[in-house]
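The structure appears below as structure tokens.
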Amino acid sequence: MLTIKQIEENRDYVVERLAVKHFQAAQLVDQIIGQSVARRQCITRTEAIQAELNQNARSIGQLLKEGRKEEAEAAKQTTAALKAQLTSLSSELDALEMQLKHLVVQLPNLPHQSVPQGRAAADNVEVRSGGQLPVLDGTALPHWELAQRYDIIDFELGVKITGAGFPVYKGQGARLQRALIAFFLDEAVRAGYTEYMPPILVNEDSGFGTGQLPDKEGQMYHATADNFYLIPTAEVPVTNMYRDVILRSSDFPVRMTAYTPCFRREAGSYGKDVRGLNRLHQFDKVELVCLEHPDRSYATLDAMVEHVESLLVKLQLPYRILRLCGGDMSFTSALTYDFEVYSAAQNMWLEVSSVSNFESFQANRLKLRYREEGEKQTRLAHTLNGSALALPRIVAALLENNQGPEGIRIPEALRPYTGFDTIQ
RNA sequence: GGAGAGAUGGGUGAGCGGUUUAAACCGGCAGUCUUGAAAACUGUUGUAGGGUAACCUACCGGGGGUUCGAAUCCCUCUCUCUCCGCCA
């Protein structure tokens, strides 16, 4: 969420920027500023009474110590009225703060200056592309049929043991999963990220910290007996490691990577978009999370984009990089690049990574701060994250694009990890 | 699952209703000394909010209560640790 200070000091700028996300903020922003003024006045009055009560209690203590009992009793009488005032003021203050928070959380993050205008996916701007679009003959199969032919992914079996969207990987298919995870992690570590293996169940506080709760509760699987949630992405446990932390500016950059399975309930989708590996309830992903100094977060965003791109180049997949337009961006992001790979038999671009700078929007919720060398005051850090990469759609593209009469060719870079060069 | 103990600043840890404005030690930072370092010594060192400022307010796991006054007493919830049982 944005800070009240940000909103109060840049009223017009906030409204103007949010218009890029097609969010009409003027009324909400003015309400927030009004509430904030009221809140401050209420605080001033409340604290004056608290100070008086404290003073009173101290002097009663002093009087009792000196044995001046009657004066002490008299002083006790005067506190009753003050306490009544305090009670009413502090419930007024509670109400004001609740309303204010309720209003503030409705404001999305401000889009960066470079975010393109636009309403929907069609308005996203392609910043780069790479790789060769494969030319397949008429016998080319979609990945779900290839999976069956080579007996490497069993969707039916997953339905039997769990349900739709929980595939079983088998033989060379399972080995391919393990190879991709190891490859992605090794590449991230080589690029300077520290590898983590976090819990994949998180508590309620962590869900709040990264913003899944309370609004998107329905997207996560909930283990009710212990009130834990299955993570939808490694971003949740990894980012929450830094909840309520104050860093030094010399601690930046903090670069972390983690492989985890990810769980998404994703109710409401149907049709060809969810065929095969296109959309699953459980999938594997290697995630990057960076904590950065505000002055350098966009340089770090660029570095993350280059890292993800290098993975796709090594996997020899045709890809394009999109800068998301205001209308297609997430609530929390200031600037997002999506990576799509071409899935030849489906004749579709599939999103395999989304790399975002959240600036201080997420850090404010997390209370993740840092201190400039020699300064007492704390400031909010910037947080960034991105997938590097999500496996299922990579696998879909690898299977479809590399199919041939001899089987499915494994790209050179993966062979040390798979131990085979063809799926047969 | 059973029994017990506990939760205090970056860490260890005092504190048993009113100079707690949270001791002490360790760590951190700055300085003195030193060719440099170490040691020693001196100073400094929580977070958030309000106020032009002096200064004030809140926070000792969360919430509620008793009291003129609560880190301290009471209730409640959560979490952690130890032992036993079970288990990879």
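Qualifying side-chain contact (heavy atoms from CB on, under 4.5 Å) partners for R39(A), counting only residues two or more places apart in sequence or in other chains: I43(A), L93(A), E97(A), L100(A). Looking at residues two or more places apart in sequence or on another chain, you find no ring pair (Phe, Tyr, Trp, His ring centres under 6.0 Å) involving Y259(A). In terms of the side-chain contact (heavy atoms from CB on, under 4.5 Å) criterion, residue partners of K314(A) (sequence neighbours excluded) are, by chain and number, F183(A), E187(A), R190(A), A413(A). In terms of the side-chain contact (heavy atoms from CB on, under 4.5 Å) criterion, P416(A) has no residue partners (sequence neighbours excluded). Listed by chain and number, the residues in a side-chain contact (heavy atoms from CB on, under 4.5 Å) with R296(A) are F252(A), E292(A), H293(A) (sequence neighbours excluded).
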Subject >> Heavy-atom protein contacts under 4.0 Å, nucleotides 45-52 of chain B, coded B base, S sugar-phosphate only, - none >> reply: --SSBSS-
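Remark: nothing in residues 197-211 of chain A comes within less than 4.0 Å of RNA chain B through any heavy atom. Residues of residues 51-61 of chain A that place a heavy atom closer than 4.0 Å to RNA chain B, in numerical order, are A51(A), N54(A), A57(A), I60(A), G61(A).
Applying the ring-ring contact (aromatic ring centres under 6.0 Å, His included) test to pairs two or more places apart or on separate chains, those with a residue in residues 197-241 of chain A are H222(A)-Y229(A). Contacts classified as ring-ring contact (aromatic ring centres under 6.0 Å, His included) and involving residues 64-119 of chain A (residues at least two apart or in different chains) are given here: H112(A)-Y298(A). Within the structure, the ring-ring contact (aromatic ring centres under 6.0 Å, His included) test picks out no pair touching residues 13-54 of chain A (sequence neighbours left out).
Nucleotide U19(B) holds its C1' atom 16 Å from the CG atom of L64(A), rounded to whole Å. As a whole-Å value, the separation of K83(A) NZ from U67(B) C1' is 7 Å.
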Tell me which donor-acceptor pairs under 3.5 Å the side chains of residues 152-166 of chain A have, and how far apart each pair is, sequence neighbours excluded?
{"residue": "D154(A)", "atom": "OD1", "partner": "E156(A)", "partner atom": "N", "Å": "3.1"}
{"residue": "D154(A)", "atom": "OD1", "partner": "L157(A)", "partner atom": "N", "Å": "2.9"}

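Comparing the same atom, P, in U21(B) and in A3(B) gives a spacing of 41 Å after rounding to whole Å.
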